[in-house]
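Just below is one structure, and these are the notes that go with it.
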Amino acid sequence: MRSAEVAARPKVLSGFRPTGPLHIGHLVGALDNWIKMQETHECFFEIADWHALTTEYADTSHLKEYVEGMALDWLAAGLDPEKSTIFVQSHVPDHAELHLLLSMIVPVGWLERVPTYKEQQQQITQRDLTTYGFLGYPVLQAADILVYRANVVPVGEDQLAHLELCREIARRFNSLYGAVFPEPQAKTTRVPRLPGTDGRKMSKSYGNAINLADPIDETRQKVLKMVTDPARKTRKDPGNPDVCPVYDLHKAFSDRATLDRVNVECRRAGFGCIDCKTELLTHLEPVLRPIQDRRASLLQKPNLVREILAEGARRARAETRKTMELVRAAMKIDTGERP
Ligand code: SF4
């Protein structure tokens, strides 16, 4: 049972598309922040499976597995179903109804101007993204946020344009039909840059990610093989931590004393890159082990995860139902009998 105190907190909506296993970049970039927000906000965390279809519609063979994996990773990382509402987007059909209604009022030009629309069409060339669903992605995202009348949305810098569009959609709706939606505020948090093992952005598609569920031995191998400062060819060459992806991981996982020591020893060739990576592992492994232990124990109880998601969907629907009643009334849509 959720307390009235929780219900009086600012509402937060956030989520991920289930397109593959979660990696340590997701932990540092979002999950750590969500776990803190559970104490201060009324949180709704969505596994956005319909969003995954906007780019992955042609091959849905892994979708269920990724949804289940994401629920496990979230719970193992520390999202608490007693404190947060954790649900799968497609289990809450009000998202789809609000998406449809909002799509009636959103000019196509607004969507074509979203920077990621053209960028992703150019970058993801192996898929046909000239679809109605892909163009409408930001409207579905706006529906996800507005259907909870969320006040706060944690976003990275690259998502600010989407949130601004959501705010514009809320304003347009409110000006046409009356004030129903608050304009959600962005909560940007500075997070350390987390490169993958090859130095590029950590991403499943580059094959350079350290996944939360990777066995520790595999993580160790990945870290030991990581690229370093390319100018440091031998153990005797001084290195530059500022251009080294291993140091970026140190910044995310190691303590201040270790960071200072690496900074000094690297520059004067005081220790080798293997020493440096081994030191990193002594800080990374204690973060990953409890997550993996909790994941393994949850894997033994598949019904528990299903029950958590079912309860999350029930709580989410209780919230979205109230919003949709306001929306239909504002739009003068016949309320009729609804299941
Ligand atoms: S010592 Fe550490 S920080 Fe320096 S180049 Fe090697 S791995 Fe990178």
Side-chain angles (χ1 to χ4, degrees), residues 16 19-36 69 73 76-78 123 154-159 188-296:
F16 285 152
T19 55
L22 292 190
H23 53 64
I24 57 173
H26 296 118
L27 183 69
V28 172
L31 286 170
D32 280 347
N33 188 28
W34 293 2
I35 290 161
K36 287 188 203 118
D73 283 339
Q123 281 166 12
V155 284
E157 302 276 324
D158 54 340
Q159 289 280 308
T188 48
T189 314
R190 278 193 70 77
V191 290
R193 187 184 94 91
L194 219 64
T197 52
D198 59 0
R200 291 185 291 174
K201 183 179 183 303
M202 188 173 287
S203 161
K204 173 191 69 134
S205 39
Y206 294 148
N208 64 1
I210 297 171
N211 298 322
L212 295 182
D214 286 345
I216 292 290
D217 278 347
E218 195 177 321
T219 298
R220 203 169 289 145
Q221 291 311 314
K222 285 183 178 178
V223 169
L224 291 175
K225 286 187 193 147
M226 270 186 82
V227 301
T228 61
D229 170 5
R232 192 175 188 201
K233 300 265 189 274
T234 71
R235 166 76 176 72
K236 289 185 190 140
D237 297 327
N240 178 3
D242 296 335
V243 298
C244 177
V246 176
Y247 193 60
D248 286 323
L249 294 200
H250 269 296
K251 283 193 258 182
F253 294 100
S254 300
D255 55 33
R256 187 71 250 167
T258 305
L259 282 178
D260 292 344
R261 195 169 60 257
V262 170
N263 198 18
V264 170
E265 297 301 332
C266 173
R267 289 178 200 280
R268 63 172 188 182
F271 67 4
C273 292
I274 294 292
D275 303 321
C276 182
K277 291 170 175 177
T278 306
E279 175 106 28
L280 169 64
L281 284 164
T282 65
H283 295 276
L284 180 58
E285 285 181 17
V287 174
L288 294 179
R289 272 195 198 282
I291 295 177
Q292 299 198 344
D293 291 347
R294 282 194 292 269
R295 199 179 199 280

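Not measured: the values here are computed from a predicted model. Note that ligands are numbered from 1 as they come in the structure, with each ligand's atoms numbered from 1 the same way.
Note: His26 and Phe16 have tilted aromatic rings, judged against thresholds of 30 and 60 degrees for the angle between ring planes.
In summary, the atoms of ligand 1 found under 4.0 Å from a heavy atom of Thr228, numbered by their order in the structure, are 7 (S). Within ligand 1, counting atoms from 1 as listed, the ones closer than 4.0 Å to a heavy atom of Asp229 are 5 (S). Each of the following atoms of ligand 1 lies closer than 4.0 Å to a heavy atom of Cys266: 1 (S), 3 (S), 4 (Fe), 5 (S). In summary, the atoms of ligand 1 found under 4.0 Å from a heavy atom of Val246, numbered by their order in the structure, are 7 (S).
Across all their heavy atoms, Ala231 and Asp229 have their closest contact at N-OD1, 2.8 Å.
A salt bridge does not link Glu265 with Arg261: every distance from a Lys NZ or Arg NE/NH1/NH2 to an Asp or Glu carboxylate oxygen is 4.0 Å or more.
Protein heavy atom nearest atom 1 (S) of ligand 1, with residue, atom name and distance: Arg232 NH1, 3.1 Å. The nearest heavy-atom contact from the protein to atom 6 (Fe) of ligand 1 is Cys273 SG, 2.3 Å.
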- Can you check salt bridge (charged side-chain N to carboxylate O under 4.0 Å, His left out) on Asp260 and Arg256, steps first, answer last? CA-CA 6 Å; Asp260 292 344; Arg256 187 71 250 167; 2.9 Å; yes
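Across Gly272, Cys244, Ala269, Cys276, heavy-atom proximity to atom 8 (Fe) of ligand 1 is greatest for Cys244.
In this structure, Met226 and Cys273 have side chains that are not in contact, with every pair of non-hydrogen atoms separated by 4.5 Å or more. Inter-residue side-chain proximity for Ile24 and Leu212 is flagged as met; some heavy-atom pair is nearer than 4.5 Å.
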